[in-house]
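Letters A, B, ... are given to chains in the order of the sequence lines, protein chains preceding strands, and every chain is numbered from 1. Values below: every heavy atom of this structure, side chains too, minus hydrogens, waters and symmetry copies.
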There are 2 protein chains.
Amino acid sequence: MHDGQLLALMKCLAPEQVEQIGRHAQVLTGIDNMQPVGRRALAGRLRLPEREVRTIAANLKDQGLLTLDAAGMQLTPKADQVLPGARDLTRSLFGLHDLEDRLSKALNIPYVLVVAGDAEKDVQVLREVGRACAHRLRSLLSGQKTVAIAGGSTMMETARGMQFASLPEVTVVPARGGMGNSIETQANTIASELARRLGGRCKAIHVPDSLDASALGEMLRLPEVKEAMELLEKADVVVHGIALADDMALRRSLPPSIVQRIRENGAVGETFGDFFDRSGHTVYRMNTVGTGLGHNEKSHLIAAAAGARKAPAIIAALRRERHDSLITDESAAQEILSLL
Amino acid sequence: MHDGQLLALMKCLAPEQVEQIGRHAQVLTGIDNMQPVGRRALAGRLRLPEREVRTIAANLKDQGLLTLDAAGMQLTPKADQVLPGARDLTRSLFGLHDLEDRLSKALNIPYVLVVAGDAEKDVQVLREVGRACAHRLRSLLSGQKTVAIAGGSTMMETARGMQFASLPEVTVVPARGGMGNSIETQANTIASELARRLGGRCKAIHVPDSLDASALGEMLRLPEVKEAMELLEKADVVVHGIALADDMALRRSLPPSIVQRIRENGAVGETFGDFFDRSGHTVYRMNTVGTGLGHNEKSHLIAAAAGARKAPAIIAALRRERHDSLITDESAAQEILSLL
DNA sequence: TTTAGCGGGTCAAATTTGGCCCAGCGGGGC
DNA sequence: GCCCCGCTGGGCCAAATTTGACCCGCTAAA
């Protein structure tokens with residue numbers, strides 16, 4: 001019997017109890033996310049009554065899954081073994097697996113993961129998306145691989161959500177659409193953080209912000225810069241977020257004329273410095289200097305983006321280029337499905 | 001993720017709730033076994049407090065799985081869809097799947113099914129074994145098959161437990177070790193009942209009891225009898241119970257000298273009129289006239305026997321001949337494992 | 001030393017449980 | 001065909017348990 005069938009069966013027999021089990025799993029994962037944590041903080045985040053958290057925590061303690069001390073609740077090593085299963089279970093019970101399947105079919109993406117909640121209402125959700133993205137990335141990494149990771153808050157959470165490992169053969173490169181502004185500097189930071197956690201190398205390119213075009217052209221001819229660019233082009237895995245065109249136009253402080261042009265052309269999203277419209281066509285390319293998308297055809301493309309507002313941008317980004325994996329949140333997932 | 005893993009995970013997270021779900025499944029299957037049935041009768045059989053049955057019944061009613069009226073509780077068509085799953089779930093949660101796996105390995109039998117309970121303490125268990133045996137038999141039947149079924153109370157329950165079907169191409173033959181006594185007459189009855197339920201043909205051989213040897217020899221030369229014997233020999237599936245040697249020696253009212261001989265030779269069990277010892281070697285063959293075991297090498301052999309007392313006989317019978325399936329009850333299963 | 005956050009205790013309110021009875025109905029015996 | 005008995009679901013209420021909403025003493029970090 002398949003998993004989903006078993007869960008459906010049990011839901012049919014005793015929905016109350018299944019939900020209760022789900023809440024247990026939720027509490028367990030919640031503790032893992034914030035440990036050490038107290039009942040009240042946790043109850044607030046999970047939107048559960050304090051008393052229920054207390055009862056569940058007592059149960060889990062009986063099972064030897066957590067310890068209660070003055071610092072708060074913390075998971076035991078035993079809990080770490082059940083944790084992946086518990087995460088999966090919560091996703092199943094929240095109906096997220098169903099969302100994932102539908103998205104996977106509708107968007108033609110092999111791997112889709114949906115995190116419960118709404119990133120716009122709960123910052124914790126973005127962390128969860130980052131963690132899930134990190135997990136997916138980790139599962140694609142083995143031996144001598146090159147990872148390119150872009151910038152943005154989602155990618156920051158991805159780097160921070162990566163578990164520590166020892167993969168000295170792995171090289172991390174900032175997947176930058178161009179060079180010479182603060183956004184790309186941030187990509188450097190993220191890449192080095194990711195490399196640190198993976199125990200691998202990082203080929204970050206440190207360039208002062210706001211150089212003029214000719215100075216950038218000079219830099220591109222430097223051997224180490226060229227090396228990094230080549231690495232970027234043959235990256236095995238490329239991970240990136242998806243930005244809203246409007247937000248990004250403002251944040252990158254583009255000249256008003258450009259902003260207007262972007263808007264008039266119906267841009268909805270931005271990746272790697274490229275603004276694109278609903279159908280995924282490039283409307284404006286921010287970086288005249290750089291490698292463009294920065295990946296080849298054989299590489300795994302992982303996109304991570306959360307929040308219902310980003311739904312149109314996500315759809316467009318996925319139309320633009322065939323992706324291997326999508327990590328998003330519940331609200332975005334539902335919005336995407338309603339837009340299609 | 002595999003089923004057992006999911007259940008183990010949930011047990012680890014919230015054992016109480018999992019048990020509760022198990023009880024729900026138990027009540028559902030219990031109702032199916034005895035419907036229409038009242039709370040108290042059911043509570044008595046399942047050894048649960050009446051109130052709990054009441055609560056669970058209310059839950060199941062909320063799920064639209066059963067109706068409550070003056071006649072008692074009855075399942076709805078919707079419940080029939082979940083019923084097989086519920087049966088399997090109860091077996092999983094009672095740890096019977098574990099028993100099955102261990103028996104399967106220890107005895108080298110591909111299909112093992114263990115029914116909860118003890119047939120010696122609860123007659124209902126034998127019915128359940130019969131039902132399970134019928135289910136297994138049914139799963140092996142398709143198109144033009146010949147089934148041989150032996151006698152005994154377990155086989156009677158197997159025939160009675162078979163769901164009605166329409167398999168006109170199926171032929172049922174009584175799997176008899178010999179001819180000419182009441183036991184074989186019973187095999188006829190069972191075979192015809194089974195054939196009736198399967199919607200197939202029955203090739204029963206009606207011979208008066210207690211003919212002498214020469215008269216039997218004559219009968220064996222009759223064309224219709226020969227035909228039945230040939231069918232028996234090429235049966236695709238053979239289903240049989242396993243009797244205790246002592247019981248059977250008494251019940252068949254053998255002469256005291258034979259009974260003593262059987263005992264002295266350490267007979268533990270009997271099938272098809274053959275008495276055998278612990279190692280499965282034939283100690284005494286009751287029927288000098290007949291087809292012996294009555295099956296060929298290619299046929300599926302299904303054995304069904306319940307009750308801890310039968311454990312040694314079951315072990316010996318399985319040593320005696322390679323079986324395809326074993327259906328037994330919990331007490332016998334545990335006794336078998338403790339004896340090995 | 002202060003302070004914020006922790007687990008645990010407490011206790012009334014709400015809910016569930018346990019055990020019993022009741023009126024009604026349906027099937028088996030006559 | 002009819003009646004009667006046994007079993008049915010549902011009602012009921014006290015007992016037990018769980019829930020909810022606090023407070024308290026402690027500890028670890030600031």
Side-chain angles (χ1 to χ4, degrees), chain A residues 13-76 78-79 122-124 127, chain B residues 13-76 78-79 122-124 127:
Chain A
L13 283 175
E16 201 63 46
Q17 281 70 20
V18 174
E19 274 184 35
Q20 190 81 7
I21 294 176
R23 258 163 288 167
H24 281 233
Q26 208 184 343
V27 167
L28 195 78
T29 58
I31 294 174
D32 181 61
N33 286 344
M34 321 171 53
Q35 66 178 314
V37 67
R39 289 172 304 178
R40 279 180 282 199
L42 189 60
R45 173 142 323 279
L46 299 178
R47 313 206 172 185
L48 290 174
E50 178 195 331
R51 200 46 156 83
E52 184 154 17
V53 172
R54 192 170 173 171
T55 307
I56 291 176
N59 288 343
L60 294 178
K61 188 188 176 184
D62 287 345
Q63 296 302 309
L65 293 174
L66 57 85
T67 57
L68 291 170
D69 54 37
M73 301 180 276
Q74 282 180 268
L75 299 186
T76 63
K78 183 180 173 187
D122 182 357
V123 282
Q124 187 69 24
R127 269 178 62 182
Chain B
L13 284 174
E16 201 64 45
Q17 280 70 21
V18 175
E19 274 185 36
Q20 189 82 6
I21 294 175
R23 258 163 296 176
H24 280 231
Q26 208 184 344
V27 167
L28 196 77
T29 57
I31 294 175
D32 182 61
N33 287 344
M34 320 171 52
Q35 67 177 312
V37 67
R39 289 171 308 182
R40 279 181 283 199
L42 189 61
R45 173 143 321 280
L46 299 178
R47 311 205 174 187
L48 289 174
E50 178 195 330
R51 201 45 157 80
E52 183 153 17
V53 172
R54 192 171 173 170
T55 307
I56 291 176
N59 287 343
L60 294 178
K61 187 187 175 181
D62 286 346
Q63 295 305 307
L65 293 175
L66 57 85
T67 56
L68 289 171
D69 53 40
M73 301 181 276
Q74 281 180 270
L75 299 187
T76 63
K78 184 180 174 188
D122 182 356
V123 281
Q124 188 69 22
R127 268 177 64 180

Student: Would A:Leu75 and A:Leu60 satisfy side-chain contact (heavy atoms from CB on, under 4.5 Å), going step by step from the backbone distance to the final call?
Tutor: CA-CA 10 Å; A:Leu75 299 186; A:Leu60 294 178; over 6 Å; no
Student: Taking all heavy atoms of A:Ile31 and all of A:Met73, pick out the closest pair and write down the distance.
Tutor: CG2-O, 3.7 Å
Student: With a non-hydrogen cut-off below 4.0 angstrom, is B:Ala57 in contact with a base, only sugar-phosphate, or nothing?
Tutor: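 It contacts nothing in the nucleic acid.
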Student: Nearest whole angstrom, please: distance from the P of C:dG7 to the CG of A:Leu60.
Tutor: 13 Å
Student: Taking any heavy-atom pair under 4.0 Å as a contact, classify A:Glu52: base, sugar-phosphate, or nothing.
Tutor: nothing
Student: Rounded off to whole Å, could you give me the CZ-to-P distance for the A:Arg45 and C:dC6 pair?
Tutor: 12 Å
Student: Give a yes/no on whether any side-chain N or O of B:Thr55 is located under 4.0 angstrom from OP1 or OP2 of C:dT16.
Tutor: no
Student: A:Leu48 has an atom CG; how far is it from atom P of D:dG20, in whole Å?
Tutor: 11 Å
Student: Starting at atom CD1 of A:Ile56, determine the distance to atom P of D:dT18, rounded to an integer number of angstrom.
Tutor: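 Rounding to the nearest Å, CD1 of A:Ile56 and P of D:dT18 are 14 Å apart.
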Student: When you match B:Met73 and A:Gln20 each to their closest nucleotide on DNA chain D, which lands nearer the 5' end?
Tutor: B:Met73
Student: Sorted by first residue and then second, give each side chain to side chain donor-acceptor pair (under 3.5 Å) pair with at least one member in residues 45-58 of chain B; sequence neighbours left out.
Tutor: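 Counting only pairs at least two positions apart or across chains, the side chain to side chain donor-acceptor pair (under 3.5 Å) contacts touching residues 45-58 of chain B are B:Arg23-B:Glu52, B:Arg45-B:Asp122.
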Student: If I take atom CD in residue A:Glu16 and atom P in nucleotide D:dT18, what distance separates them, rounded to the nearest angstrom?
Tutor: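 Roughly 16 Å, once rounded to whole Å.
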Student: Looking only at side-chain atoms of B:Glu50, point me to the closest of C:dG18, C:dC20, C:dG7.
Tutor: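 Of all the options, the side chain of B:Glu50 is nearest to C:dC20.
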Student: Out of C:dG18, C:dC6, C:dC22, which has the shortest distance to the side chain of A:Arg40?
Tutor: C:dC6
Student: Could you check if a side-chain atom of B:Leu42 sits within less than 4.5 angstrom of a side-chain atom of B:Leu48, using non-hydrogen atoms only?
Tutor: no
Student: With the side chain of A:Arg51 defined as its heavy atoms from C-beta on, choose the nearest nucleotide among D:dG9, D:dC24, C:dT10.
Tutor: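 Comparing D:dG9, D:dC24, C:dT10 against the side chain of A:Arg51, the answer is C:dT10.
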Student: Measure NZ/B:Lys61 against P/D:dG9 and give the value in whole Å, please.
Tutor: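 So the two atoms are 10 Å apart, to the nearest Å.
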Student: Is any N or O donor-acceptor pair between the side chain of A:Arg54 and the base of C:dG9 shorter than 3.5 Å?
Tutor: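 Present.
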Student: Check the distance between C:dC6's C1' and A:Leu66's CG and give it to me in whole angstrom.
Tutor: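 After rounding, the gap between these two atoms is 14 Å.
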Student: Tell me, do A:Asn59 and B:Glu16 make a side-chain contact under 4.5 Å, heavy atoms counted?
Tutor: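 Not in contact.
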Student: Starting at CD of B:Gln17 and ending at P of D:dT18, how long is that distance when rounded to a whole Å?
Tutor: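 Spelled out: CD on B:Gln17 to P on D:dT18 is 12 Å.
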Student: Taking N and O atoms by type only, does the side chain of A:Arg39 place a donor or acceptor under 3.5 Å from a partner on the base of C:dG5?
Tutor: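 Answer is no: no donor-acceptor pair is held.
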